Amino acid sequence: MKVTVVGAGAVGATCADNIVRREICHELVLLDIKEGLAEGKAQDMMQTATLLGFDTLISGSTNDYSKTAGSEVVVITSGIPRKPGMTREELIGTNAGIVKTVCTNILQYSPNAIIIVISNPMDTMTYLALQSTGLPKNRIIGMGGILDSSRFKYQLSQHLNCSASDLNAIVIGGHGDTTMIPLIRLATLNSIPVTQFLDAEAQQKVVSDTMIGGATLTKLIGTSAWYAPGAAGAALVEAIIRDEKKLFTCCVSLDGEYDQKDICLGVPVIIGKSGCEKIVPIDLNEEEKEMFKKSADAVRSMNEVLTTI
Ligand SMILES: NC(=O)c1ccc[n+]([C@@H]2O[C@H](COP(=O)([O-])OP(=O)(O)OC[C@H]3O[C@@H](n4cnc5c(N)ncnc54)[C@H](O)[C@@H]3O)[C@@H](O)[C@H]2O)c1
């Protein structure tokens, strides 16, 4: 099994690090456009092999896609991250060109790869990847909901003073500060609805802190976060390679599901060896349906920007 991670920056390198530590694949290629960066980080990671006890082979490449040939899964993290005060949407002009070129290069050497898109604005970049490659929709998956759901569980655990791993909670909709929808009505602490423990004000606080989770970290760190995004990308790769049939929220192409068409948006899906194997319907209430529609409208207008660049 071979995996390629494009972009050896903060998120790409962390994702690669998580993949190799867990020996998810036999071979991992890290590729970046910046001379020597991927080779250097690959060597650094290989030098942890005896310390951490893994056998995955890691190599780096400066923009030479022949080294990525035959990859089963490719993770795209290349592009610029946001700075404090920026929205993910402001990255579109630069990142659209990068993501489109990377997809073309990848498919030249790995025509059967499943592509995971992490670069922001992720919903629009996933849509662009789907449109520009013409790949079947199960093979283009955007990573955002896994991260946002993990941040949602973190916020809940802080309020409930409980273990985050005892929580079940998902975020659907777009991967933007105003487009994501943490589904607090359906969140549970070991099957008990969290709404039993949190009053309306606390519920609202959890939801809004989740929505600005990424922006809060960008403000603190000075650039966008990488530990949780990298780990979330690796979890997605693992579910594909090990055919885990995991239920994650991922950004996938909708064709009538959730009353949406011609858009990629975060919904619960089953992830296995074919990529997105199934879109799972949720019985949303009227308020949630309205929020989902608003989220889709915002993402759709962002997608329209693609026609102008
Ligand atoms: N979807 C998510 O949940 C999520 C979470 C965090 C970050 N992100 C996004 O991921 C992207 C990467 O973030 P980061 O913090 O790792 O940024 P970074 O600047 O640390 O790394 C990006 C890397 O991409 C490389 N790159 C640029 N153009 C390239 C090209 N054409 N080919 C190959 N490599 C190229 C750069 O040289 C750099 O090393 C950003 O767009 C960020 O907004 C998404």
Side-chain angles (χ1 to χ4, degrees), residues 4-18 29-42 60-65 67-68 74-84 86-106 115-129 140-152 171 173-177 179-180 210-218 221-237 248-252 264-266 299:
T4 289
V5 178
V6 181
V11 176
T14 308
C15 181
D17 189 38
N18 277 281
V29 179
L30 197 55
L31 181 143
D32 202 284
I33 203 164
K34 192 170 169 201
E35 188 73 42
L37 181 74
E39 288 86 340
K41 289 204 180 179
S61 161
T62 303
N63 223 25
D64 176 2
Y65 282 80
K67 303 241 170 77
T68 69
V74 175
V75 184
I76 303 181
T77 74
S78 45
I80 52 166
R82 57 181 170 160
K83 295 283 169 224
M86 278 175 96
T87 64
R88 294 174 177 93
E89 288 73 15
E90 286 174 72
L91 308 172
I92 190 169
T94 309
N95 288 354
I98 294 175
V99 168
K100 201 171 168 187
T101 312
V102 168
C103 283
T104 308
N105 291 337
I106 281 297
I115 296 180
I116 296 174
V117 179
I118 296 190
S119 310
N120 272 319
M122 184 278 294
D123 304 295
T124 298
M125 293 303 107
T126 305
Y127 181 76
L128 170 68
I140 303 272
I141 304 167
M143 194 297 290
I146 305 179
L147 170 66
D148 299 329
S149 301
S150 186
R151 286 177 171 159
F152 186 23
V171 175
H175 175 62
D177 297 351
T179 58
M180 70 179 76
T210 301
M211 292 174 79
I212 56 158
T216 304
L217 294 177
T218 303
I221 305 172
T223 185
S224 140
W226 57 88
Y227 290 114
L236 193 44
V237 172
F248 285 132
T249 9
C250 291
C251 176
V252 294
C264 294
L265 211 54
V299 169

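Whatever order the structure lists them in is the order used to number ligands and atoms, beginning at 1. Just so it is clear, the structure is predicted and the values come from calculations on it, not from any experiment.
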When you measure from [atom] to every protein heavy atom, which one gives the shortest distance, and what is it?
atom: atom 16 (O) of ligand 1; answer: Val11 N, 2.8 Å
atom: atom 19 (O) of ligand 1; answer: Pro81 CD, 3.5 Å
atom: atom 43 (O) of ligand 1; answer: Asn120 ND2, 2.9 Å
atom: atom 20 (O) of ligand 1; answer: Ala10 N, 2.9 Å
atom: atom 27 (C) of ligand 1; answer: Gly79 N, 3.8 Å
atom: atom 1 (N) of ligand 1; answer: Met143 O, 2.8 Å

Are any of the N or O atoms of [X] closer than 3.5 Å to those of ligand 1?
X: His175; answer: yes
X: Asp32; answer: yes
X: Ile118; answer: yes
X: Asn63; answer: no
X: Val6; answer: no
X: Ala225; answer: no
X: Ile80; answer: yes
X: Ser119; answer: no

Between [atom1] on residue [X] and [atom2] on residue [Y], distance to nearest 0.5 Å:
X: Thr68; Y: Asn105; atom1: OG1; atom2: CG; result: 8.5 Å
X: Leu31; Y: Ile76; atom1: CG; atom2: CD1; result: 10.5 Å
X: Ile118; Y: Ile141; atom1: CD1; atom2: CD1; result: 11.5 Å

Nearest heavy atom to [atom] wins, so pick from [options].
atom: atom 11 (C) of ligand 1; options: Thr77, Thr14, Ile33; answer: Thr77
atom: atom 21 (O) of ligand 1; options: Gly9, Gly145, Gly7; answer: Gly9
atom: atom 7 (C) of ligand 1; options: Ser224, Gly144, Gly97, Ala13; answer: Ser224

Looking at [Y], is its backbone amide N or carbonyl O close enough to the side chain of [X] to form a donor-acceptor pair, meaning the two atoms are under 3.5 Å apart?
X: Thr77; Y: Gly7; answer: yes
X: Asp123; Y: His175; answer: yes
X: Ser149; Y: Val171; answer: yes
X: Asp17; Y: Ala13; answer: no
X: Glu39; Y: Thr62; answer: yes

Query raised in the report: With sequence neighbours excluded, what pairs up with Asp177 under the salt bridge (Lys or Arg N to Asp or Glu O under 4.0 Å) test?
Result: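 Scan of Asp177 (salt bridge (Lys or Arg N to Asp or Glu O under 4.0 Å), adjacent residues dropped) gives Arg82, Arg88.
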
**Report entry** Contacts of Asp148 that satisfy salt bridge (Lys or Arg N to Asp or Glu O under 4.0 Å) - sequence neighbours left out
**Finding:** none

[X]: numbered ligand 1 atoms lying under 4.0 Å from its heavy atoms:
X: Leu37; value: 39 (O)
X: Ser78; value: 24 (O), 26 (N), 29 (C), 33 (C), 34 (N), 35 (C)
X: Leu147; value: 3 (O), 5 (C)
X: Asn95; value: 41 (O)
X: Leu91; value: 43 (O)
X: Pro229; value: 5 (C), 6 (C)

Query raised in the report: Closest approach of Phe248 and Ala235, non-hydrogen atoms and distance?
Result: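 Where Phe248 meets Ala235 most closely, the heavy atoms are CE1-O, 3.9 Å.
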
Query raised in the report: Which atoms form the tightest heavy-atom contact between Ala8 and Asp32, and what is the distance?
Result: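 Scanning both residues completely, I find the closest heavy atoms to be N-OD2, 2.7 Å.
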
Query raised in the report: Given side chains that start at C-beta, do those of Val6 and Tyr65 come closer than 4.5 Å, heavy atoms only?
Result: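 They are in side-chain contact.
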
Query raised in the report: Taking C-beta and beyond as the side chain, do Thr223 and Lys83 meet within less than 4.5 Å on heavy atoms?
Result: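 Side-chain contact under 4.5 Å: yes.
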
Query raised in the report: Ile98 near ligand 1, heavy-atom distance under 4.0 Å?
Result: yes

